[in-house]
Structure formats: C-alpha cells, structure tokens
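Quick notes on the structure that follows.
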Amino acid sequence: GAIALFHALAVNSSIRSIDLGQNRFGPAAVKVLAQTLQRNAVVQNVVLAGNNVGDEGAVALAEALGENGALRQLDLSVAHVGDTGAFAFVKALQGNASLEGLKLS
C-alpha cells in the first residue's frame, strides 16, 4: 500500500498536498517517502503527524530537502523526532530555500 503510493508520487505531476498522518508509518516507510521526495518537484505539503518517524526517518527527510525545491510545509508533530532528527533539519535548512514551515513538536 504505502510503498506503492510513494513510488507513484515519484512521477506525480498534480498532487501538491498529501496527509499521511496517523498511519503508523515507521522509519523504514518514511525513508522510502524521503527518496520519493528527492525526485518529486510538485508536492508542497506533507503531513506525517502522529507516525513513528523517529530520528532515522527525520534524518532521511532532512537529507531529501537537499534535493527537493518544491516542499513548503512539513508536519512531523507527535512523530517521535528527537535531537538527532531536529539537528539534521537545522543542517538541511542551511541549503534549502523552499521550506517555509516545519512542525516538530
């Protein structure tokens, strides 16, 4: 299910917002999504609130920001992101000018 969706998003040219909150995704699924976001130039808003993203998933998403210039909003609230994940975003945002909103609370 989710992995197939993420692969479809890689070639997506119309969906701009995706709410994946409360889907019980763990770091492994989020890493696949991060790979997708590296190739996607359309999605502007991603909600992963309430998933178990963790530091591992957060680091993968942060690294994807280096390749993605479309994403404007990323919601990782209640996603179990710790200091390591937050620091990865601090580093990633130094080279990303498109992200306008990031929720980590």
Side-chain angles (χ1 to χ4, degrees):
I3 303 301
L5 171 65
F6 298 160
H7 288 301
L9 280 174
V11 294
N12 162 63
S13 63
S14 59
I15 295 174
R16 299 198 187 293
S17 182
I18 185 162
D19 186 339
L20 300 167
Q22 305 294 330
N23 274 294
R24 300 182 186 176
F25 294 144
V30 175
K31 287 170 95 174
V32 175
L33 175 61
Q35 292 170 350
T36 295
L37 291 174
Q38 286 179 324
R39 297 186 302 271
N40 181 286
V42 179
V43 174
Q44 297 177 356
N45 182 43
V46 175
V47 176
L48 287 167
N51 286 292
N52 188 24
V53 173
D55 283 334
E56 186 179 353
V59 168
L61 288 167
E63 290 173 353
L65 291 177
E67 303 291 326
N68 182 296
L71 194 62
R72 303 281 183 259
Q73 301 287 328
L74 180 58
D75 184 348
L76 295 172
S77 51
V78 195
H80 310 283
V81 176
D83 292 343
T84 301
F87 184 69
F89 281 109
V90 168
K91 287 177 56 178
L93 290 174
Q94 293 173 3
N96 178 288
S98 65
L99 194 68
E100 299 169 353
L102 174 63
K103 291 184 183 178
L104 293 174
S105 60

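Quick caveat, the model's predicted, so the values are computed rather than measured. Quick note: residue numbers are just sequence positions, from 1.
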Out of curiosity, Gln22 CD to Leu48 CG, how far, rounded to the nearest 0.5 Å? 11.0 Å
Within the distance-only criterion (no hydrogens, no angle test), does the side chain of Asn23 pair as donor or acceptor with the backbone N or O of Asn51 below 3.5 angstrom? no
Under the ring-ring contact (aromatic ring centres under 6.0 Å, His included) rule, collect the residues that match up with Phe25, sequence neighbours excluded. Phe6
Distance check, rounded to the nearest 0.5 Å: Leu71 atom CG versus Gln38 atom CD? 12.0 Å
Residues pairing under salt bridge (charged side-chain N to carboxylate O under 4.0 Å, His left out) where one sits in residues 61-81, two or more places apart or in two chains, turn out to be none
Salt bridge (charged side-chain N to carboxylate O under 4.0 Å, His left out) contacts in which one or both residues fall within residues 4-32, not counting sequence neighbours: Lys31-Glu56
Partners passing side chain to side chain donor-acceptor pair (under 3.5 Å) against Asn52 (at least two apart in sequence or in another chain): none
When rounded to the nearest 0.5 angstrom, what is the spacing between CG in Leu5 and CD1 in Ile15? 7.5 Å
Are the side chain of Ser105 and the backbone N or O of Ser77 linked by a donor-acceptor pair below 3.5 Å? no
Non-neighbouring partners of Ser17 that pass side chain to side chain donor-acceptor pair (under 3.5 Å), sequence neighbours left out: Asn45
Considering only residues two or more places apart or on different chains, which pairs with a residue in residues 82-105 satisfy salt bridge (charged side-chain N to carboxylate O under 4.0 Å, His left out)? none
For Asn12, enumerate each residue passing the side chain to side chain donor-acceptor pair (under 3.5 Å) test, keeping only those at least two apart in sequence or located in another chain. none
Please report the closest heavy-atom contact between Ala34 and Ala64, naming both atoms and the distance. O-CB, 3.3 Å
Identify, with sequence neighbours excluded, every residue that meets side-chain contact (heavy atoms from CB on, under 4.5 Å) alongside Leu104. Leu76, Val81, Ala86, Phe89, Leu102
How long is the gap from CG on Leu9 to CG on Leu37, to the nearest 0.5 Å? 7.5 Å
Of the non-hydrogen atoms in His7 and Thr36, which two are nearest, and what is the gap between them? N-OG1, 4.2 Å
Specify the closest pair of heavy atoms between Ala92 and Ala62, including all atoms of both residues, with the distance to one decimal. CB-O, 3.2 Å
Can you pull the ring-ring contact (aromatic ring centres under 6.0 Å, His included) pairs that have at least one residue in residues 42-69, sequence neighbours excluded? none
Is there a path of hydrophobic side-chain contacts, each under 4.5 Å between heavy atoms of I/L/V/M/F/W/Y residues, joining Leu93 to Val43? yes
Could you report the tightest heavy-atom contact between Ala10 and Arg39, atom names first, then the distance? CB-NH2, 3.6 Å
Joint hydrophobic cluster, Leu74 plus Phe87, side-chain heavy atoms closer than 4.5 Å: no
Results of side-chain contact (heavy atoms from CB on, under 4.5 Å) for Ala41 - residues two or more places apart only: none
Give a yes or no on whether Val47 and Ile18 share a hydrophobic cluster (residues Ile, Leu, Val, Met, Phe, Trp, Tyr; joining criterion: side-chain heavy atoms under 4.5 Å apart). no
With a 3.5 Å distance limit and no angle check, can you tell me whether Asp55 reaches the backbone of Gly85 through a side-chain donor-acceptor pair? yes
Verify same cluster id: Val32, Val42 (apolar side-chain graph, 4.5 Å): no
Can you list every ring-ring contact (aromatic ring centres under 6.0 Å, His included) pair that touches residues 55-80, not counting sequence neighbours? none
